[in-house]
Amino acid sequence: MPITKLDQMFEVLASRTKKRLVAAWAVDAHTVVAAAEGVKKGIIEATLVGDEAQIVAVCNQHQIDPNIFTIVQADNDITAANLAVSLINEGKGDFLMKGLLSTDRYMKAILNKETGLMNPGAVLSHVTVIEPPTYHKLLIVGDVAIIPLPDLNQKIAITNYLIKAAKLLGIEKPKVGLVAPSEQVLPKVISSVEASIISKMSHRGQIKDAIVEGPLGMDVIIDKESADIKGLKSEVCGDADCILFPAIEAGNVFYKTMTKFCGAELCAIVMGARVPAVLSSRGDSEQTKLYSIALAAMMA
Amino acid sequence: MIKTLTELVETVKAKGTKTRIAVVSAEDSNTLGAVVRAAVEGFILPILLGNPEKIKSLCQVEELPLDESWILPCDNEAEAAAQAVSMIHAGEADVLMKGLIGTDKFLKAVLNKEKGLLPPKAVMSYVCALELPRYHKLLFISDTAVIPFPDLDQKIAMTNYAVKMALSFGIEQPKVALISATEKPGAAFPASLEYAQISKMAERGQIKNCVIDGPLDIFLACDPGSLEIKGVDTPIGGDADVLIFPNIESANSFYKGLMLFAGGELAGLIQGTIAPVVVMSRSESAESKYYCIALSCLMAEDK
């Protein structure tokens with residue numbers, strides 16, 4: 001059964017072996033509370049890497065029993081990030097989460113060539129899962145946060161991550177729409193050209209387990225009626241599970257619009273490293289953070 | 001539907017009209033052989049521009065039944081070419097054909113910006129109809145002769161010309177295969193990336209009256225048996241009518257290889273001009289030259 005609401009992730013995870021979260025520099029209330037929520041829901045185990053005194057103090061302030069966590073002492077944020085990554089590499093955790101440290105430092109620890117979490121040549125990208133109130137299923141979109149202007153190979157990598165995420169959410173053969181200004185092939189518009197190529201590659205089995213169609217306008221991707229009017233016959237139209245954006249601005253504006261104007265819930269993870277990584281920002285709601293932890297656990 | 005080059009000739013003959021063909025520098029025995037044969041069979045009216053004495057003596061040597069009224073005396077090649085082109089514009093000839101004149105000089109007249117036969121911005125290309133003993137129908141291929149390394153727009157133009165020719169043969173919704181070494185698009189084969197766009201354009205109705213898929217290799221394009229082996233799902237289904245090649249070397253080698261080793265015959269024509277232009281290479285068989293003339297008659301009709 002495909003997951004169509006983010007809440008359904010909790011039910012699925014409750015019936016599985018608990019995945020082990022490792023949070024880097026988890027000394028702030030946001031991170032500690034979100035991790036505690038995950039543990040209380042019974043969906044994860046959590047290791048918090050950071051200054052133990054600070055972590056215990058935060059727990060006390062929020063009526064959380066520190067003993068629900070495994071706490072690993074680290075004196076500062078950089079040490080904590082490297083330690084968290086090495087715990088993952090030692091097999092002591094299944095996915096990573098960012099605490100109070102800057103995104104730069106967090107990513108640096110992941111990307112470190114010797115001690116990090118990247119396989120050679122892998123593309124690191126960001127996958128967001130949105131639950132729009134006015135759509136009949138979840139929308140899995142990328143890249144809204146990491147790769148500013150993906151080239152063809154990066155787009156292919158992102159497409160594969162979207163497909164992988166969709167499959168792990170129970171969607172057997174995800175339908176992927178490749179966003180361009182229009183469904184017409186416009187040789188001067190790079191998004192349109194590359195969408196044609198990716199779509200053909202999928203048809204030839206170079207991208208597997210999915211139906212990938214593009215170029216498509218945003219309208220026909222999410223609205224069957226628009227597609228019918230335009231005479232487009234793709235199965236993707238009006239029923240897309242995944243959306244590939246040609247540039248970060250497009251994806252970023254889309255997800256922010258979905259949350260602020262449409263009241264959509266969402267969550268996100270970083271894919272491409274050996275394990276999923278949660279990269280929540282302070283602006284995210286508690287709910288988003290918990291969903292992101294759940295999503296990472298689903299993907300781990 | 002015309003399925004063989006013999007049927008092409010029969011179709012042209014059955015129309016009962018005589019296509020007027022202006023032959024530039026007709027004093028060439030190969031050319032005269034094919035032209036006189038078509039004229040005797042009644043489907044063309046030759047206009048032989050060139051040296052009357054040479055034309056007569058060549059016909060004598062080759063025992064060709066020349067009608068001297070076909071001859072239009074011209075002092076030199078350049079003049080013959082210019083005059084033949086102007087006859088097309090004046091509606092006095094339907095088809096232009098190259099005789100002994102060098103291809104360079106001949107095309108110069110065709111491509112002349114003020115007086116030539118190519119509309120502004122039109123792409124000039126070459127399409128061949130191949131008849132192969134081991135293929136179940138004619139195969140239209142491009143570009144074997146004019147564009148060395150076609151870009152995206154030229155490939156689209158080539159496709160449209162080949163489709164137009166296939167339609168003239170009565171083939172509905174011709175199946176166009178965009179040929180590469182593999183069916184998988186990839187940066188290693190730049191043409192394959194353009195093919196992905198062209199086939200998507202056809203899917204979106206930007207290229208009409210045909211079915212297009214590519215990249216495909218020759219097997220997937222022309223051999224239904226390979227589809228299953230390779231597990232590729234393509235609307236061409238090993239039943240291609242048209243093959244578009246990524247460059248002139250591949251197209252040229254394809255047809256010449258088939259002529260030489262597989263006993264193929266062909267009819268080819270320059271495309272993009274306001275009237276059909278016949279340019280035959282000396283190495284082509286007398287039969288192929290005759291078929292080129294018949295093809296020009298068919299396409300002049302469908303202009």
Side-chain angles (χ1 to χ4, degrees), chain A residues 121 150-157 159 173 176-217 219-221 226-237 244 246, chain B residues 123 150-160 176-208 210-217 219-221 226-237 244 246:
Chain A
D151 63 18
L152 179 63
N153 287 330
Q154 288 172 319
K155 281 179 183 167
I156 294 166
T159 303
K173 193 156 194 183
V176 186
L178 308 173
V179 171
S182 138
E183 76 284 358
Q184 299 276 302
V185 181
L186 310 168
K188 289 191 170 66
V189 180
I190 192 88
S191 60
S192 177
V193 168
E194 293 187 340
S196 311
I197 295 166
I198 297 168
S199 174
K200 180 63 73 177
M201 291 178 96
S202 134
H203 196 95
R204 292 286 192 258
Q206 292 160 274
I207 296 169
K208 294 188 201 306
D209 303 326
I211 304 166
V212 182
E213 181 59 58
L216 291 172
D219 53 346
V220 296
I221 291 178
S226 303
D228 288 344
I229 291 166
K230 293 188 174 181
L232 277 169
K233 292 198 179 70
S234 170
E235 287 174 75
V236 173
C237 294
L244 176 82
Chain B
V123 172
D151 64 18
L152 177 67
D153 288 339
Q154 289 169 321
K155 286 191 182 84
I156 295 167
M158 283 156 54
T159 302
N160 280 319
V176 182
L178 309 171
I179 299 300
S180 181
T182 158
E183 77 281 6
K184 293 183 166 66
F189 299 99
S192 73
L193 304 180
E194 294 179 336
Y195 289 165
Q197 296 172 62
I198 296 170
S199 60
K200 187 61 77 175
M201 284 176 164
E203 215 180 295
R204 296 282 194 261
Q206 293 165 264
I207 299 171
K208 295 187 203 307
C210 60
V211 178
I212 303 182
D213 194 20
L216 290 171
D217 72 353
F219 284 166
L220 290 166
S226 347
L227 297 179
E228 218 169 311
I229 296 166
K230 289 203 169 183
V232 175
D233 168 33
T234 163
I236 305 305
I244 299 298

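Each chain gets a letter, A, B and so on, in the order its sequence line appears, and its residues count up from 1. Note that the structure is predicted; figures quoted are calculated from it, not measured. Both backbone and side-chain heavy atoms feed into the values below; hydrogens, waters and symmetry mates do not.
Atom CG in Leu152(B) sits 9.5 Å away from atom NZ in Lys188(A) (nearest 0.5 Å).
Within residues 193-200 of chain A, the residues having any heavy atom less than 4.5 Å from a heavy atom of chain B are, in residue-number order, Val193(A), Ser196(A), Ile197(A), Ser199(A), Lys200(A). For residues 181-194 of chain B, a heavy-atom distance under 4.5 Å to chain A picks out Glu183(B), Lys184(B), Pro185(B), Leu193(B), given by residue number.
Counting all heavy atoms, side chain and backbone alike, Asp233(B) lies closest to His203(A) at O-NE2, 3.1 Å. Of all heavy-atom pairs spanning Leu216(B) and Arg204(A), the tightest one is CD2-NH2, 3.4 Å. Between Met201(B) and Val185(A), the shortest heavy-atom contact is CG-CB, 3.4 Å.
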**OP:** Carefully, step by step, assess Glu203(B) and Lys233(A) under the rule salt bridge (charged side-chain N to carboxylate O under 4.0 Å, His left out).
**Re:** CA-CA 10 Å; Glu203(B) 215 180 295; Lys233(A) 292 198 179 70; over 6 Å; no
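Counting heavy atoms from C-beta on, the side chains of Leu232(A) and Arg204(B) come closer than 4.5 Å.
Heavy atoms of Gln206(A) lying under 4.5 Å from chain B belong exclusively to its side chain.
Comparing Pro187(A), Gly231(A), Ser192(A), Gly205(A) by how many heavy-atom pairs each has under 4.5 Å with chain B, the most go to Pro187(A).
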